[in-house]
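The block underneath contains the structure these notes are about, expressed in structure tokens.
Chain identifiers are assigned alphabetically (A, B, ...) following the order of the sequence lines, protein sequences preceding nucleic acid strands; residue numbering begins at 1 within each chain.
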Amino acid sequence: MTVRTRFAPSPTGYLHIGGARTALFNWLFARRNNGQFILRIEDTDAARSTEESIQAILDGMNWLGLAWDEGPFFQSKMFDVYRKHAAGLLEKGFAYRCFCAPAELEARREAALKAGRPPMYDNRCRERKDAPDAPFAVRFKSPTTGSTIFKDEIKGVINFDNSAIEDLVILRSDGTPTYNFCVVVDDATMGITHVIRGDDHINNTPKQLLIAKALGCVPPVFAHLPMILGSDKARLSKRHGATSVMAYKDMGILPHALVNYLARLGWSHGDQEIFSLAELIEKFSFENCGKSSGVFNPEKLLWLNQHYIKETKAEELAGLVLPFLEARGVNATEDTRLPKIIKTLKERSKTLVEMCDGALFYFKEKVEYDGQAAAKFLLPETIPLFKILIERLGEASGFSEKTIAEVFDSVIAEKGIKLGKLAQPVRVALTGGSISPGIFEMMDAMGKETVLKRLKDAAKFIEKKRES
RNA sequence: GGUCCUAUCGUCUAGAGGCCUAGGACGUGGCCCUCUCAAGGCCAAAACAUGGGUUCGAAUCCCAUUAGGAUCACCA
């Protein structure tokens with residue numbers, strides 16, 4: 001039997017970190033077993049579902065590279081199927097009509113809660129023989145005795161007393177189906193073999209198992225993933241910072257860095273931290289999934305991102321940084337220096353945003369000097385040094401890291417100074433600040449023309465400062 | 001409150017009864033390297049929730065306690 005998994009988000013917001021991890025594990029398990037991964041949108045709640053959310057989820061999945069084999073299917077387009085099955089259940093006596101008014105139900109629930117009793121529906125319409133001419137919901141007739149047991153692939157055997165499971169509504173009074181019912185029908189009709197989802201669904205599982213049994217279908221295998229928590233160990237939410245997957249794209253996170261991070265949150269393979277997609281697929285198994293919830297750690301994500309930035313070719317990074325530069329008013333599309341520029345930043349950027357910010361000085365029309373840096377390094381005595389550099393760099397036959405280094409060597413040897421004495425003023429002259437990539441690689445990336453111009457500008461700047 | 005799940009360094013985790021003086025990674029601190037910042041290298045501090053069993057032997061198995069969390073809708 002081929003493995004078929006599904007990711008079934010409800011379109012009531014963007015794709016968040018928790019959902020992404022669920023999607024990833026479903027995807028990995030399907031790929032691992034040469035199965036199919038299905039995307040299903042659970043939009044039975046028309047009031048809360050939005051078109052934008054659907055798009056946001058699709059965007060998130062695409063960005064992460066979690067391609068689905070079938071779908072997206074929409075539950076809202078399959079209402080007839082659910083109604084047909086609900087009618088069947090009604091006919092067979094597995095379900096019944098409930099005429100209790102929602103407001104009344106709510107009042108009873110609150111009263112029960114207050115009295116410390118379980119806030120379950122009291123089954124009062126179960127044996128009802130009359131059929132008033134009033135709106136009704138359809139409830140599933142849940143067994144009152146016995147227990148429902150299933151073996152969770154991650155958590156192990158879980159046992160529920162049926163008496164604790166209420167007669168849940170499967171069809172609302174407006175005729176629309178509800179979640180626990182749709183899930184069962186869909187998973188059955190779509191041939192889902194493995195349901196991999198958050199462990200907040202554990203309590204739904206016996207309900208779904210019972211419905212599946214009434215429907216006469218073979219239930220899927222379940223695997224419940226532990227939750228992802230925020231730094232305060234509370235469920236991850238906006239309070240903890242970005243929870244939207246796409247927010248990480250905007251922060252300059254590489255999709256594979258997020259994938260790698262998410263994979264290691266709740267799953268492990270010995271001491272290994274870095275996994276290619278192929279390795280993830282090859283090594284994934286429920287056996288190595290943890291049972292306990294984990295705290296989302298942005299620092300570690302950043303470390304992974306930095307790792308993957310270092311691994312990615314400068315040419316590729318150049319393309320990825322372009323939009324970030326664009327957002328800061330720099331159009332570098334035609335700038336052939338870009339790959340070289342990126343190369344100087346690769347080793348020192350945790351995100352694409354950081355890389356973009358670090359690259360800005362290369363493109364400035366005029367260098368803006370940092371006050372402190374200029375005061376410390378752009379001094380009158382550096383003017384002669386700049387003049388010599390301008391002359392020798394101008395005369396040099398090439399403009400490579402090697403030739404630049406040779407020029408610097410000759411200057412410091414002649415003047416009997418340390419490299420730092422020369423490099424820091426030059427750094428400020430070229431970048432405006434005292435922090436930058438290595439001086440030679442940076443100059444090489446900047447290009448001869450710009451370097452000479454900036455050195456001249458800096459010399460002029462010092463002259464002017466001296467006069468005033 | 002009922003039900004269910006969970007429990008190893010601050011965080012992610014390794015650990016399948018003796019290989020555990022509990023390993024790795026992020027983060028933190030120190031040192032080295034060095035033209036600045038990083039990167040890199042080396043070193044360090046840092047954990048088996050508690051109490052009972054079982055066993056020759058328990059981080060590992062069982063039970064209880066405690067503490068977290070999830071869930072109890074005509075939401076999904």
Side-chain angles (χ1 to χ4, degrees), chain A residues 8-12 42-45 47-49 75 98 100-102 105-106 109 112-121 135-139 152 155-156 158-161 163-166 168-180 182-183 198-206 224 226-227 229 231 233-235 261 264-274 287-288 290-304 306 310 345-350 358 373 377 408 412 418-424 426-428 431 433-440 442:
Chain A
S10 68
T12 54
E42 311 232 318
D43 56 349
T44 53
D45 185 356
R48 300 203 310 154
S49 302
Q75 292 187 325
C98 171
C100 299
L105 254 16
E106 182 59 31
R109 185 176 320 114
L113 228 33
K114 217 171 242 169
R117 281 180 287 119
M120 274 172 59
Y121 177 62
F136 63 87
V138 176
R139 279 188 191 271
D152 189 279
K155 307 265 186 180
I158 303 179
N159 194 336
F160 288 89
D161 276 347
S163 59
I165 299 166
E166 73 170 347
L168 73 188
V169 169
I170 58 174
L171 234 47
R172 302 185 183 95
S173 42
D174 66 359
T176 59
T178 59
Y179 168 74
N180 278 117
C182 295
V183 168
D199 68 10
D200 49 335
H201 283 288
I202 286 184
N203 293 295
N204 284 327
T205 309
H224 287 100
M227 299 277 92
L229 274 24
S231 49
K233 307 234 175 181
R235 202 177 179 152
Y261 178 73
R264 273 293 280 101
L265 221 195
W267 174 83
S268 62
H269 182 77
D271 284 343
Q272 192 172 344
E273 297 285 352
I274 305 292
E287 232 173 77
N288 296 310
K291 295 174 171 191
S292 53
S293 45
V295 174
F296 185 83
N297 183 352
E299 299 286 332
K300 191 155 181 180
L301 206 211
L302 244 26
W303 171 73
L304 275 165
Q306 183 170 39
K310 284 191 284 188
L345 268 6
K346 259 179 67 166
E347 302 290 320
R348 58 199 89 231
S349 305
K350 285 185 156 66
F377 297 111
F408 269 66
I412 59 173
K418 291 216 171 187
L419 179 56
K421 279 282 177 202
L422 182 58
Q424 276 309 81
V426 170
R427 176 167 281 119
V428 178
T431 72
S434 56
I435 297 170
S436 89
I439 198 86
F440 307 135
M442 182 261 283

Residues two or more places apart in sequence or in another chain: which of them pass salt bridge (charged side-chain N to carboxylate O under 4.0 Å, His left out) with [X]?
X	result
A:Lys300	A:Glu273
A:Asp199	A:Lys155
A:Asp45	A:Arg48
A:Asp161	none

Could you give the [atom1]-to-[atom2] distance, from [X] to [N], as a whole number of Å?
X	N	atom1	atom2	result
A:Leu171	B:rA73	CG	C1'	15 Å
A:Lys291	B:rU60	NZ	P	14 Å
A:Ile435	B:rA39	CD1	P	13 Å
A:Ile165	B:rA73	CD1	P	13 Å
A:Ile439	B:rC35	CD1	C1'	7 Å
A:Asn180	B:rA73	CG	P	11 Å
A:Leu422	B:rC35	CG	P	12 Å
A:Lys418	B:rC35	NZ	C1'	11 Å

Between [N] and [M], how far is it from one [atom1] atom to the other, in whole Å?
N	M	atom1	answer
B:rG18	B:rG1	P	40 Å
B:rU66	B:rA47	P	26 Å
B:rA59	B:rG29	C1'	28 Å
B:rC31	B:rC20	C1'	29 Å
B:rG51	B:rA70	P	28 Å

RNA chain B: 5'-proximal contact among A:Met120 and A:Tyr261 (nearest heavy atom): A:Tyr261

Pairing residues for [X] by the side-chain hydrogen bond (donor to acceptor under 3.5 Å, both in side chains) criterion, not counting sequence neighbours:
X	value
A:Arg427	A:Gln424, A:Ser436
A:Asp174	A:Thr176
A:His269	none

Show each protein N/O and nucleotides 41-47 of chain B N/O combination with a separation under 3.5 Å, one pair to a line.
none

N/O donor-acceptor pair, side chain A:Asn204 with base B:rA76, under 3.5 angstrom: yes

Using a cut-off of strictly less than 4.0 Å, decide whether [X] has a side-chain nitrogen or oxygen near OP1 or OP2 of [N].
X	N	result
A:Arg109	B:rC74	yes
A:Arg139	B:rC74	yes
A:Lys233	B:rA67	no
A:Thr178	B:rA76	no

A:Ala8: partners by side chain to side chain contact (heavy atoms under 4.5 Å, CB included), with sequence neighbours left out: A:Arg6, A:Arg40, A:Glu42

Partner residues of A:Leu265 under the side chain to side chain contact (heavy atoms under 4.5 Å, CB included) criterion, sequence neighbours left out: A:Ile228, A:Tyr261, A:Phe296

Heavy-atom pair with the smallest gap, counting every atom of A:Leu229 and A:Lys233: CG-O, 3.3 Å

Touch class at under 4.0 angstrom, heavy-atom based, for A:His201 against every strand present: base

Test log, rule side chain to side chain contact (heavy atoms under 4.5 Å, CB included), inputs A:Cys98 and A:Tyr121: CA-CA 11 Å; A:Cys98 171; A:Tyr121 177 62; 3.3 Å; yes

NZ (A:Lys346) with more than 12 external heavy atoms under 6.0 Å: yes

Donor-acceptor pair, side chain of A:Asp43 and main chain of A:Gln75, under 3.5 angstrom: yes

Produce the list of close N/O pairs, under 3.5 Å, pairing protein atoms with atoms of nucleotides 1-4 of chain B; give distances to one decimal.
{"residue": "B:rG1", "atom": "O2'", "partner": "A:Gly116", "partner atom": "O", "Å": "3.2"}

B/S/- contact track for nucleotides 13-31 of chain B, protein heavy atom under 4.0 Å: SS-B------BBBBS----

Closest to the A:Ala423 side chain, choosing from B:rC35, B:rC74, B:rU71: B:rC35

